[in-house]
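Structure first, then comments.
In what follows, every chain begins at residue 1, and chains take the letters A, B, ... in the order their sequences are listed. Scope of the values below: all heavy atoms of this structure, side chains included, with no hydrogens, waters or symmetry mates.
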Amino acid sequence: MYCQVIIDIVHENVASPFTYRIPEEMELIPGQRVAVPFGRREKEGIILGLSETCDLDESRVKDILRPLEDYAAVPAELMELAGQMALEAHCPLAETLRLMLPAQMRGGRIHVKTEKTAVLNVQAEKALAMAEAEKRSPKRAAILRMLADGKVHMVSELASAVKEPREALRKLAADEIILLSEEESLRVPGSSFGSLQNPGFTLTAGQREALDEILPCLTGKGGRFLLHGVTGSGKTEVFMAAVQETLTLGKSAIILVPEIALTPQMVSWFRGRFGPVAAVIHSRLSPGERFDEWRRIRRGEARVVIGARSAVFSPARDLGLIVVDEEHESTYMSDHHPRYDAREVALNRCARENATLILASATPSILSFARARRGDYMLLEMPRRVKDRPLPEVEIVDMREELENGNRTVLSASLRRTLKECVTRGEQAMLLMNRRGYNSFVSCRSCGYVVKCPNCDISMTYHVASNDGMLRCHYCGQAMRPPETCPECGGKYIRYFGAGTQKVEEEVAKLLPGIPTARMDYDTTGGKDGHGKILEEFRSGRARVLIGTQMIAKGLDFPQVTLVGVIAADMTLNLPDYRSRERTFQLLTQVAGRAGRGEKPGKVIIQTYKPEDPVIGYAASQDYRSFFEDEFRRRRRGLYPPFTLLVRFLTESRSEEAAVRTADQLEREIRDMMENHPAWQKKVLLVSNDTPGVKVLRGKNRRHVLMKLLVGPETDEMIAAMTELAREPAGDTEVWFEVNPTTMI
DNA sequence: AGCACGCCGACT
DNA sequence: GTCGGCGTGCTC
């Protein structure tokens, strides 16, 4: 027998399978990991397939050394998934296969943990009699009495009654009175999140209706749902019930959450409700715990998996359901190689394994909602909050008026007043400073005008004076000098935005002397568990005002918070990214949902230089539908995803000249390629060659070639050709190729 | 990815 | 004359 093995090396040169002979008496199956001789070294590999014959010269074929486990580490469905992903991403199979295994499992770094056990080897009566006789050895007597029940006991358990039992055990074993052996032990992660009993409450009508659609699918061939419910409508309860039903049917469920550290409630609910059948995968697990959780899942002992995006690759037995909570979150998009979208993988797996998919969000992504409307997903709407609690009152403050009234600070008069009242009442407030990215945009403080690219309908980015002080469009490379006066109203207050959380904290300290505040942003969450510490400070009430970037807006539940202030809603709106409107809407809607989660009603103040922007209004009234229709039209009109594909080649080199030269070379080759393929040429809307937002990163000079493509039947071929193009060696310049890059810096 | 082989400059 | 630079090429 022979087998095809994928060697665990990610390199084009060794990407295709290698043939090995399977020695007599060795039984192997596809998906199993093996050790093989490779060159003059030993390597790990995964069996792709088996065959009776081999078309290679016998003498060149080597023998499999040994299996690494006695089961297939990658089950058949995940083998197929890895294959398809490698094909789509144009990357070696070894790379996608790595996603299917806990990283620590590779390279033999992790071992199955065993625990020593002891069991009686003689009749219980005889043991008890011996215990009586063992006058001189109380330890042996005690051990014999404990083992007299005939059951297998852990040595650690015996050790808690008898100190240092090792010598006594050794003697008993030598006399063949007891048997010592080792048993595999699983490190079940401690209940670091506690275990909250979820109060069993009766379902609302909305929840009932949603479940009536979902539950029948679980028994059959599966279904696809987009669960759209306003903040506080009880989406969690719906998919918890679906998970319960999945377990009742003897199947497994995977629940994906955007960031496990931010959803401790969910984890404790699941632990409380499902006990040890729930496996929780999060970044704080030790390598050993992670591996053991993986094995519990692989064996079918854990049938509920909760984790971040990589949990979508869990080897769940008989998969019945995948839930993607907060479906719109960008964390579902992997940020390093091989790039994948956990939502797409979930969809793929569900189709493959006849499982049901539930995407849940209060603010679904444009893509998912568009699909739901097209009929790809069944749309389940829950427009009401539980107990018919009202949505918080939202006030929009026009910051241009503040300026006219002589207020040049970051806090409006209204926010100052409300904040003071809130704190005086002993309640808590959250202030969101949604600043992102390195660069700032340029805006007129008198009329709200923002400098936009003439070709792209995207705000231009100011490149600091130490760079070249120009305004640039990150999409097409258009550059211009910043205007001295506002082209719209002629005003002189053209400003470069860039104020941060620190500034806000200073203002709050001036307004409320002596009131403790907490600040949460990239600068303050550096240390180990910096996140948790700051949040705890706020949760405990020691800090009364929490000031932070968008990390404070996600899924947090502080019942004492009655005021949420958004310092400058336009900040994310004017980022040079076609997704900025979507992100702003999501952020504002989600943050508005943070206020008034307890008994007391909440208030939200949104400060903006552009109160007339519909996105602000849609978020204030939590009107998802109108936002969607508006944004979908805008994308179609502006030819943005999902109607088009953005593609980028990034060159990086120590030498600026080399980075530029390589980018120029790529551009020429791309243009040649398009000349040779008239059908492809028609799909190309834009080719630009320019300096990216960050010109030098980690000491490397950078340059990028951007393309916008219309999606069509030839898309995949074009991507494949461009992938090849990017692979060509370019001296000391590195070339990165990306489709729909997550970031454009 | 590693690790061989292989062909040109400064050293015991 | 050799030791060693890292350019090309192969690994079932």
Side-chain angles (χ1 to χ4, degrees), chain A residues 1-69 72-74 79-80 82-83 85-87 89-110 287 334-340 650-655 657-659 661-662 665 698-700 723-738:
Chain A
M1 279 299 268
Y2 299 90
C3 60
Q4 278 66 249
V5 175
I6 296 296
I7 306 295
D8 184 29
I9 294 174
V10 177
H11 194 105
E12 294 307 313
N13 295 356
V14 289
S16 38
F18 286 74
T19 306
Y20 286 87
R21 197 180 303 103
I22 303 177
E24 295 286 326
E25 270 118 61
M26 195 187 284
E27 279 192 34
L28 297 171
I29 53 170
Q32 206 166 350
R33 300 197 315 138
V34 287
V36 293
F38 193 70
R40 54 180 54 224
R41 290 160 309 137
E42 184 181 317
K43 275 273 150 197
E44 292 177 354
I46 294 180
I47 305 212
L48 194 58
L50 306 173
S51 58
E52 301 275 345
T53 57
C54 106
D55 39 9
L56 256 84
D57 186 69
E58 223 359 76
S59 62
R60 288 180 62 200
V61 179
K62 295 181 185 169
D63 278 21
I64 296 277
L65 293 172
R66 62 187 176 281
L68 293 171
E69 288 90 18
V74 184
M79 287 297 289
E80 286 171 26
M85 286 178 67
L87 222 56
H90 305 281
C91 76
L93 184 52
E95 201 171 2
T96 53
L97 281 172
R98 281 185 183 179
L99 296 171
M100 310 295 156
L101 299 166
Q104 309 84 347
M105 205 167 159
R106 291 173 32 238
R109 278 163 291 170
I110 201 110
S334 152
D335 47 7
H336 35 26
H337 250 85
R339 218 147 255 168
Y340 64 90
L650 179 72
T651 65
E652 285 188 322
S653 173
R654 295 276 159 204
S655 129
E657 189 269 330
R661 178 160 30 83
T662 310
Q665 170 78 17
R698 285 177 230 101
K700 298 256 179 74
T723 307
E724 282 309 313
L725 199 59
R727 262 207 265 279
E728 283 171 19
D732 58 349
T733 309
E734 288 173 292
V735 177
W736 310 98
F737 178 68
E738 279 178 278

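Distance A:Lys43 NZ to C:dC12 C1': 15 Å, rounded to the nearest Å. What separates CD1 of A:Ile9 from C1' of C:dC10 is a distance of 12 Å, to the nearest Å. The distance between atom CG of A:Leu93 and atom C1' of C:dC12, rounded to the nearest whole Å, is 16 Å. One atom, NE2 of A:His11, and another, P of B:dA1, lie 5 Å apart when rounded to the nearest Å. Spacing between atom CD of A:Glu58 and atom P of C:dC12 amounts to 14 Å, rounded to whole angstrom units. Atom CD1 of A:Ile6 and atom C1' of C:dT11 are 14 Å apart (whole Å). As rounded to whole Å, 14 Å separates atom C1' of B:dA1 from atom CD of A:Glu44. Distance A:Glu95 CD to B:dA1 C1': 13 Å, rounded to the nearest Å.
A donor and an acceptor atom, one from each side chain of A:Thr733 and A:Thr662, are located under 3.5 Å apart.
Looking at heavy-atom distances under 4.0 Å, A:Val61 makes contact with sugar-phosphate atoms alone, never a base. Among the heavy atoms of the strands lying under 4.0 Å from A:Tyr20 are primed sugar atoms or P, OP1, OP2 only; no base atom is included. Looking at heavy-atom distances under 4.0 Å, A:Pro37 makes contact with sugar-phosphate atoms alone, never a base. Among the atoms of the strands shown, only primed sugar atoms or phosphate atoms (P, OP1, OP2) are found under 4.0 Å from some heavy atom of A:Val10.
Electrostatic pairing of A:Lys43 and A:Asp8 does not count as a salt bridge here, judged by no charged N lying under 4.0 Å from a carboxylate O.
The backbone N or O of A:Val61 sits less than 3.5 Å from a side-chain atom of A:Arg21, completing a donor-acceptor pair. For the pair A:Glu44 (side chain) and A:Gly107 (backbone), a donor-acceptor distance under 3.5 Å is present.
Dashed line: the shortest gap from a side-chain N or O of A:Arg40 to OP1 or OP2 of B:dA4 is under 4.0 Å.
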